[in-house]
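Heads up: the structure comes next, in structure tokens.
Count residues from 1 along the sequence.
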Amino acid sequence: MATLNTLRTKFGVVLSAIIAFALLAFILSLRTEMGFFSTNNPKIGEIGGDKIKYSEYNEVYQTIKDGNIFITNNPNADVMIAQEAWQTLIERHAYLPGFDRMGISVTDTERMSMLRGEHVSVVYDYLFRSLGIPYENVSEFLISAEEDPAFAPVWSYMNNLAVRASQMDKYISLVNSGIYVNSLEAEMGVEYGNSFDGKLVCLSYSSLDDADFSVSDNDIKRYYKEHKAKFRTEPSRTISYVTFEALPTQEDRLAINAEVDNIAAELSAADDKRVALRDHSRYVTNDETFVRVDNLPEESVELLKAGNIYGPVSEVVAGNTSLNIDVPLEFCQAPDSLGVKILALPATERALADSLINLRSATAFEEAMDKYKDNGSDNGVAPFAYYSGKQIAPRFASAAEGDIFELASNDMNTILLSYVYKVVGPKSLYVNLAHVRYPVRPSAGTVETVSSEANAFVAKAQGSVETFDSAAKEVSQIPEMAILNSGNNTVYGLAGSHEIVRWAYGEKTNVGDVSKVFQLGDKYVVAVVTAIQDDEYRSINSVASEIRAELIRQKKYDAIVAKINGNDIADIAASFNEEVRNFNDVTYETLYVAGKNEPRLVGAIASATQTDVLSLPVKGNDGVYLFVVENIDDSKKKTVEEERTLLQSEAEAKANMNIGATLLKMAEIKDFRNRYL
């Protein structure tokens, strides 16, 4: 039977996917270091008016961590757990109270029906399908798994995910049930189902000089007051930063090349290459995989066939350079592919396993497969799968049809047997390679030099943003800018930079403050805070330039409209020194007209009812538009019912797409995590 250890070792990837899938697409990013606050309990956010203290967050984090043993070996495990911890708090303080008031709940009876497969649960269904456990065997599986004391928090966690997902599904269904396209909307959709061809001209704003239009401070203040909602924002910090990267110098590279050449010479001369590799084990990888020699790089084939090493060869992966040596350890001639069937037996069936190996009987093997197919382990996985040559060990090199092998198993309670039912293709030469990957890294001396340069820069850059920029110019650095919004935990493009974010959001950090040197691998980063935004709205000073541009654009529109004279589009275009262009097949769904993304223009054209009539001026983003419709095609019109179905589908899709952002907005979240975590 499957045990908790089986789940840990064999299905970690599957269950990681379940966890990600069950987050319901409302994930915010965070990396935390648990235990940071041992003597205080700061407020790390607000949700729905409730204060979220670190102690509550830590309790949720630990609960999820206890139930999330499947990803404890994942390097991003803490990030994934922290993401769900915050999401759980949002649900606890915002979503679930609302669901309770609406009567949206999941009873134990419903949960059991999901477990039995009577009603679909994305969590249970994906879990049991991925594990190969039929719903009729779920009870047996749970009885077995619950014998392990560690399973209790895991199963509680999975049940919680399933219930949360079901509640959200019910809420989404409730929203969709309230969406209704009435007859008037459907008839209007039919009416606006035409497509339009014609000509247009854009009287460009750029043809007028901005200097000819004045905008007063009072104009800007009036616009800001009337359109203040446009400038709502979230807390943010804006920083500039410079990066000092420790790169290998020419001397470093020469020393590394000499070292790797010595390793290559040592390996070439060694009679027992496995023994020789032990002295360099920190650089050696070998997964005991046999690869077909003919599939290796052409320049390496002859060397490897002769038992010689190949390399050193330079390789760059994800920006990291290494010098690589391939060392042949073992050769074998093996079929390109084998057709196999896999049987998993309980460890108590050792006698049966031995008898099957000795009998070499296809019939007996099939009977055993049939008998033990529902034992809760991974028997029967890909029963007709072909094992490619890359997975063929020497023991399979002489495999013949009817051979039965015992495979290694990570589960002490399971015996895995493989029955060869087909040998495919001629035999080829396979080699087991060890790979020496020697990183090309800067020397300790180079690192110390770059670190000293970064610290010297900090001393020069203190005082203000201007001083920082001046110091950067002296060392030929161009500062990069980053806006750190609420909820951000890293600087985009700088891996592991959460300490920089924490510093930027520090209570004592002000505009003009220069950071210490942050070491990120071989990079040394120094930052300065250039702006702090904690208000609910962007300040009028920060948006004055864009308001000014908008007001000038409005004044230009008025000026251009006042100069339009006549009803002939060609004459008007000529008077403004502009070109008349054609448009074709414009409908309400069109995004671009004559290469321009102008929604108002699309709406005006698609609303036209007459041909060969000059339109009224349309205020666009780039200029004032005039158009003449020359042809209206109604051949693509839908029936009222077709239009109703389409509009209903579009409305539901739009609601589903926006429901997450809408719920988050309604939750009135204030996220202070990056100040403390």
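- Heavy-atom contacts from other residues, nucleotides or ligands closer than 6.0 Å to CG of Asn567 number 12 or fewer.
- For the pair Trp86 and Leu89, the minimum side-chain heavy-atom distance is below 4.5 Å.
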Sequence neighbours left out, cut at 3.5 Å: what donor-acceptor pairs do the side chains of residues 467-478 make with other protein atoms?
{"residue": "Thr467", "atom": "OG1", "partner": "Ser464", "partner atom": "OG", "Å": "2.9"}
{"residue": "Gln477", "atom": "NE2", "partner": "Thr243", "partner atom": "O", "Å": "2.8"}

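- Applying the salt bridge (Lys or Arg N to Asp or Glu O under 4.0 Å) test to pairs two or more places apart or on separate chains, those with a residue in residues 539-550 are Arg538-Glu546, Glu550-Arg553.
- A donor-acceptor pair under 3.5 Å links the side-chain atoms of Thr509 to the main chain of Trp503, judged by distance alone.
- Taking CD1 of Ile564 as the reference point, atom CG of Leu203 lies at 5.5 Å (rounded to 0.5 Å).
- Under the 4.5 Å side-chain criterion, counting only non-hydrogen atoms from C-beta, Ile540 is in contact with Ile220.
- By the salt bridge (charged side-chain N to carboxylate O under 4.0 Å, His left out) test, Glu536 is found to be paired with Arg232, residues two or more places apart in sequence or in another chain being considered.
- Listed by first then second residue, pairs satisfying side-chain hydrogen bond (donor to acceptor under 3.5 Å, both in side chains) with a partner in residues 520-532 read Arg441-Asp522, Gln519-Tyr524, not counting sequence neighbours.
- Between Arg237 and Asp534 there is a salt bridge, since at least one side-chain N of the basic residue sits less than 4.0 Å from a carboxylate O of the acidic one.
- For the residue pair His119 and Ser113, a side-chain donor N or O sits within less than 3.5 Å of a side-chain acceptor on the partner.
- Between the side chains of Asp633 and Ser635, at least one donor N or O sits under 3.5 Å from an acceptor N or O.
- The residues Lys556 and Asp210 are annotated as salt-bridged, a charged nitrogen and a carboxylate oxygen being separated by less than 4.0 angstrom.
- Put simply, the side chain of Asn194 does not reach to within 4.5 Å of the side chain of Thr587, judged on heavy atoms.
- For an aromatic pair to be called close, the ring centres must be under 6.0 Å apart, and Phe583 with Phe196 fails this.
- Relative ring orientation between Tyr224 and Phe231 is described as parallel, the plane-to-plane angle staying below 30° on a 0-90° scale split at 30° and 60°.
- Residues Ser607 and Tyr588 have side chains that bring a donor and an acceptor to within less than 3.5 angstrom of each other.
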Worked check of side chain to side chain donor-acceptor pair (under 3.5 Å) between Ser542 and Ser539
CA-CA 5 Å; Ser542 68; Ser539 69; 3.3 Å; yes
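- Checked against salt bridge (charged side-chain N to carboxylate O under 4.0 Å, His left out), Arg111 has no partners two or more places apart in sequence or in another chain.
- Using a 4.5 Å heavy-atom threshold, the side chains of Arg92 and Val60 count as touching.
- At least one side-chain heavy atom of Phe244 sits less than 4.5 Å from a side-chain heavy atom of Val242.
- Within a 6.0 Å radius of NZ in Lys170, other residues, nucleotides and ligands contribute more than 12 heavy atoms.
- Cation-pi contact between Lys619 and Tyr557: present, with separation from the ring centre below 6.0 Å and deviation from the ring axis of at most 45°.
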Output, in order, the C-alpha distance, side-chain angles, deciding distance and verdict of side chain to side chain donor-acceptor pair (under 3.5 Å) for Tyr223 and Lys230.
CA-CA 11 Å; Tyr223 184 94; Lys230 289 176 57 177; 2.9 Å; yes
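- At a threshold of 4.5 Å between non-hydrogen side-chain atoms, the residues Glu91 and Arg164 count as touching.
- The two residues Val580 and Ala570 have their closest heavy-atom pair at CG2-CA, 4.1 Å.
- Sorted by first then second residue, the salt bridge (Lys or Arg N to Asp or Glu O under 4.0 Å) pairs that include residues 579-604, not counting sequence neighbours, are Lys596-Asp622.
- A salt bridge links Asp219 with Arg222: the closest approach of a Lys/Arg side-chain nitrogen to an acidic carboxylate oxygen falls below 4.0 angstrom.
- Under the 4.5 Å side-chain criterion, counting only non-hydrogen atoms from C-beta, Lys221 is not in contact with Ser216.
- You'll find the side chain of Ile500 reaches within 4.5 Å of the side chain of Leu520, heavy atoms only.
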